[in-house]
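This structure is a prediction, so every number in the text was calculated from the model and none was measured.
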Number of protein chains: 2
Amino acid sequence: MPALRLNFEQRIGMTKAPTRIQKRNRAAILSAGLDVFSQFGFRGTTLDQIADAAGLSKPNLLYYFPSKEAIHTALLERLLETWLDPLKSLDADGDPVKEIMAYAQRKLAMSRDYPRESRLFANEILQGAPRIEEILRTDLKTLVDEKAAVIKTWAEAGKIADIDPHHLIFSIWAFTQHYADFDVQVRAVLGDKAPYDGASVFLDMLYAKLLRP
Amino acid sequence: MPALRLNFEQRIGMTKAPTRIQKRNRAAILSAGLDVFSQFGFRGTTLDQIADAAGLSKPNLLYYFPSKEAIHTALLERLLETWLDPLKSLDADGDPVKEIMAYAQRKLAMSRDYPRESRLFANEILQGAPRIEEILRTDLKTLVDEKAAVIKTWAEAGKIADIDPHHLIFSIWAFTQHYADFDVQVRAVLGDKAPYDGASVFLDMLYAKLLRP
DNA sequence: TCTGGGTTTGACCAACTGGTCAAAACAACG
DNA sequence: CGTTGTTTTGACCAGTTGGTCAAACCCAGA
């Protein structure tokens, strides 16, 4: 009777601490997967591409993750964990204008510092969000509705201009995504200038509107 | 000696008017290609998908276009022809605020009316714009630089607030793309409300900033 | 009705795809 | 050192992919 062969994922259920090699390789695969998935989307990405980028052979890659889908899912889960943090920390008890501006800045920083994650998300949405639509309709909607309600009370109390809160949030998303997702276009048009200097234009617009009677 | 067999593309060089069937099928293929490419990107799209969506067999599809690449290229060319029109018609001799607002509205209308084109463009950019980077660096950059110069003179003359013109344009792009490209997310969050009502939030922000001293 | 080109298709192909497997190589620990 | 479990790999597979081709089909005009 041959010894039971287990791959990494199967072993995960058992409470064994991951070895040094496991940590290194899983991290390499996720990073490589992020590179490739964020550029080509799920269907446009091949395991060979990921394996190459990670410096592993394809069978070796499949030793750490049972399938292409599993890598993609792991990435999306990791992304969603942190992606909504900036909005979560919008504080109903803080100063309205400051809170909204700070949120916009946090979101902007996130897109600047994690452009691959931004593109992974963009790709998923562009493809109709087949793997995260449920989350959008539940977790995300709940969070946004909650924060929108806060902003609405601010507007009704006259502390900020009267703005549809949902679309205010969308406008922040739109802007922050753009500099990450359309990076190539921004750079092509700007030539050599630093792309992120322009963020202030949006922040200015936002600020101007918030203060408007 | 057998009669020379020619497919559609080869025949194009010869000045023959396309038949009714040719017009119909080419249009069907382009529309189907737009559907699929705009969702899955170039690599994520298969000829079978396009053929299915167009109601043709795969070999028949390849009778009208010599390759997958050719369909994609045709779509991108058709897109670029019209995509920059709104900016082109920004008039240096018009009223500054009105011109900029009208441009934003034209662009917004375009994204609303041609969401598939918007997504096709987004997909291409996300993938690093391999097929249109040249155009971005030349035609697009030239156009944007030219219009940015116009806006700059307006700002210097004190007719609008002092804003970096390039990033002003980017902010318009960001916003208009968002409602088309992230449609799924917008709808998921809004539930049943009409997504495009929110465009006015951005127009308000833009307006508020333009008038700011 | 016949004929010539335009159109469509089934059968096919080589390359690539996600994924499997057994065996080999390696690392760790006594 | 040997043993045991972990990691890596080459060979392989079935299904899919972009694309070809000759033959069949259609359809207008003479």
K.L.:
What is the separation between atom CD1 on A:Ile50 and atom P on C:dC16, rounded to the nearest whole Å?
P.N.:
18 Å

K.L.:
Specify the separation, in whole Å, of atom CG of B:Leu47 and atom C1' of D:dT16.
P.N.:
12 Å

K.L.:
Indicate yes or no: at least one non-hydrogen side-chain atom of A:Ile100 is less than 4.5 angstrom from one of A:Leu168.
P.N.:
yes

K.L.:
Where does the angle between the aromatic ring planes of A:Phe121 and A:Trp83 fall among parallel (under 30°), tilted (30 to 60°) and perpendicular (over 60°)?
P.N.:
tilted

K.L.:
Between B:Asn60 and C:dT7, is there a side-chain N or O to OP1/OP2 distance below 4.0 Å?
P.N.:
no

K.L.:
It should be established whether A:Tyr63 places a side-chain nitrogen or oxygen under 4.0 Å from OP1 or OP2 of nucleotide D:dT8.
P.N.:
no

K.L.:
Which nucleotide wins on minimum distance to the side chain of A:Thr19, given the candidates D:dC21, D:dT7, C:dG18?
P.N.:
D:dT7

K.L.:
Quick one: B:Phe65 CZ to C:dT8 P, roughly how many Å, whole number?
P.N.:
13 Å

K.L.:
What is the separation between atom CD1 on A:Ile21 and atom C1' on C:dA28, rounded to the nearest whole Å?
P.N.:
10 Å

K.L.:
Side chain of B:Lys58, base of D:dG18: donor and acceptor closer than 3.5 Å?
P.N.:
yes

K.L.:
Starting from the 5' end of DNA chain D, give me the residue, B:Thr46 or A:Gly55, whose nearest nucleotide shows up first.
P.N.:
A:Gly55

K.L.:
Under 4.0 Å between a side-chain N/O of B:Asn25 and OP1 or OP2 of C:dG6, yes or no?
P.N.:
no

K.L.:
Whole angstroms only, please: what is the CZ-C1' distance between A:Arg43 and D:dG15?
P.N.:
14 Å

K.L.:
For B:Gly41 and B:Gln127, work out which heavy atoms get closest and say how close.
P.N.:
CA-NE2, 3.4 Å

K.L.:
Measure from the side-chain heavy atoms of B:Leu62 and tell me the nearest of C:dG19, D:dT20, D:dT7.
P.N.:
D:dT20

K.L.:
A:His72 has an atom NE2; how far is it from atom P of C:dG19, in whole Å?
P.N.:
13 Å

K.L.:
Find the distance B:Phe40:CZ to D:dG18:P and express it as a whole number of Å.
P.N.:
13 Å

K.L.:
So, is A:Gln22 near the phosphate of D:dT7, with a side-chain N or O under 4.0 Å from OP1 or OP2?
P.N.:
yes

K.L.:
Verify whether the ring centers belonging to B:His178 and B:Phe175 lie closer than 6.0 Å.
P.N.:
no

K.L.:
What residues, two or more places apart in sequence or in another chain, satisfy salt bridge (Lys or Arg N to Asp or Glu O under 4.0 Å) together with A:Arg187?
P.N.:
A:Asp183

K.L.:
Can you tell me if the side-chain N/O atoms of A:Ser57 get under 4.0 Å from OP1 or OP2 in D:dG10?
P.N.:
no

K.L.:
When the distance from CD1 of B:Ile71 to C1' of D:dT17 is rounded to whole Å, what number comes out?
P.N.:
14 Å

K.L.:
Between A:Tyr64 and D:dT8, is there a side-chain N or O to OP1/OP2 distance below 4.0 Å?
P.N.:
yes

K.L.:
Classify A:Arg20 by what it touches in the nucleic acid, base, sugar-phosphate, or nothing, heavy-atom distance under 4.0 Å.
P.N.:
sugar-phosphate

